[in-house]
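Step one of this worksheet: look at the structure below.
Heavy-atom basis, side chains included; hydrogens, waters and symmetry copies ignored. Chain naming here is simple, since letters A, B, ... match the order of the sequence lines and numbering starts at 1 in each.
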Protein chains: 2
Amino acid sequence: MTMPPNLIADSRTDRARLSSTDWEAGALDLLAEQGVSAVAVEPLARRLGVTKGSFYWHFPSREALLKAALERWEKLDEETVFEPLEGIADPAERLRELFVRTSKEMRSHVLYSELLKALDHPVVQPVMARVSQRRIHFLMQAYRALNFSRKDAMNRARLAYSAYVGFLQLMLQLKLTRMSVEEFDAYVGHVVETLIPIR
Amino acid sequence: MTMPPNLIADSRTDRARLSSTDWEAGALDLLAEQGVSAVAVEPLARRLGVTKGSFYWHFPSREALLKAALERWEKLDEETVFEPLEGIADPAERLRELFVRTSKEMRSHVLYSELLKALDHPVVQPVMARVSQRRIHFLMQAYRALNFSRKDAMNRARLAYSAYVGFLQLMLQLKLTRMSVEEFDAYVGHVVETLIPIR
DNA sequence: TATTGTCAATACGGCTGCGTATGGTGCTAC
DNA sequence: GTAGCACCATACGCAGCCGTATTGACAATA
């Protein structure tokens, strides 16, 4: 009497072995849910239904996994967030779109927010430095196009990005204010009015 | 031949035993330097020049130490930051003073910034919730006094506080921009102009 | 001097995570 | 069908931290 094939689909496409990609995806899931420190080999292996014997075939160390996963994230993030905005010519409109669009789809922000809590980690730090640098630069360019002086554009970009980062922490980590959808939209509206000059 | 008395003063007032207060102070130091997870019993004991045999006489657990230390911090913080501002009658002036004064003396911010990275921790979370709530409320009151509508005041307070929180992370954790003193003052000036209405 | 109270050292067991070593299983190719 | 590759299990040693138990050192006090 042979065992029936496993019919319960678990997270991965079930049937069969894992690839490096599966491990990276699992790492990002865990990262979003429980932070960087939760991305540990043995827990992740348990979660994927294997043992760490498998892991060390794909990666030389935990660090290597983290690095690979974050680089995957960085690439994906750039493609989905900023490339779509390149097409918008009017800078004010571009900023508005960024603010509003950013306020949707949480998953990306949850992950970003977890990474903010691990800025001291040697693997996380350079990735976040690059990503933040790019984003702030994007903002600055837009303000420049709105006739801000170089210094004002830089300061306003810093302010806008700080507001984004801070709001993430307050909303997602400290669940200080569980806002309704209407409240949230009103807040985003207020931010747009305050940080983007009229015409 | 007896040993000479130890002449090297190490952190605590040297000569002799520790009190609960010494442990709490040491915990806050470690917290500011290396984050919540670094507040561990054995490392802290080593740092204080004793063994954990001592620690468990003063505290029942690591959690208890953390709790005590954070409550001490919370109390101290309130006294030094907000009470001095209560005296300023003009709300715009009060806000300006808060912004500018906050931009000095780093130690407090370093600690706050580390706590921001541990908002998921069950001991940290309630403390930070209280502190942030109070601060946002303070801001809101000031904006109310500036004739903001209830909703606008709330949103502006959220925005201002988010900007503070985000800037802390970007400056202290990600050392994205090592700004000069002049640049920094200019940034604070820009923030004041942007977030506090004229007259 | 004897006693008590306060702080500290030592030693232990338990848990969790990292990384290594080695062997096993199933698919694929020839 | 057998050789080889890709993936995985098992078992091990090591390190760090938690918390407990027991004993010791030293001071103040009686």
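Taking only side-chain atoms of B/Y56, from C-beta outward, the nucleotide of D/dG19, C/dC18, C/dG19 with the closest atom is D/dG19. Between C/dA8, D/dC12, C/dG17, one nucleotide has an atom nearer to the side chain of B/V50 than all others, and that is C/dA8. When each of C/dC18, D/dG19, D/dA25 is scored by its nearest atom to the side-chain atoms of A/E42, the top-ranked nucleotide is C/dC18. Of the listed nucleotides (C/dG17, C/dC7, C/dG19), C/dC7 has the atom at the smallest distance from the side chain of B/W57.
With ring centers used as reference points, A/Y161 lies under 6.0 Å from A/Y164.
Counting atom types as modelled, A/R17 pairs a side-chain N or O with a base atom of D/dA6 as donor and acceptor under 3.5 Å.
Looking at heavy-atom distances under 4.0 Å, B/S19 makes no contact with the nucleic acid at all.
In this structure, A/L48 places its CG atom 9 Å from P of D/dC8, rounding to the nearest Å. Atom NZ of A/K52 and atom P of C/dT22 are 16 Å apart (whole Å). What separates CZ of A/R62 from P of D/dA15 is a distance of 19 Å, to the nearest Å.
Each of A/S61 and B/H58 lies near DNA chain C, and the nucleotide nearest B/H58 is the one positioned closer to the 5' end.
With B/E114 as reference, B/Q173 is the one residue of B/H109, B/Q34, B/Q173, B/E33 to meet the side chain to side chain contact (heavy atoms under 4.5 Å, CB included) rule.
Put simply, the side chain of A/S162 reaches to within 4.5 Å of the side chain of B/Y187, judged on heavy atoms.
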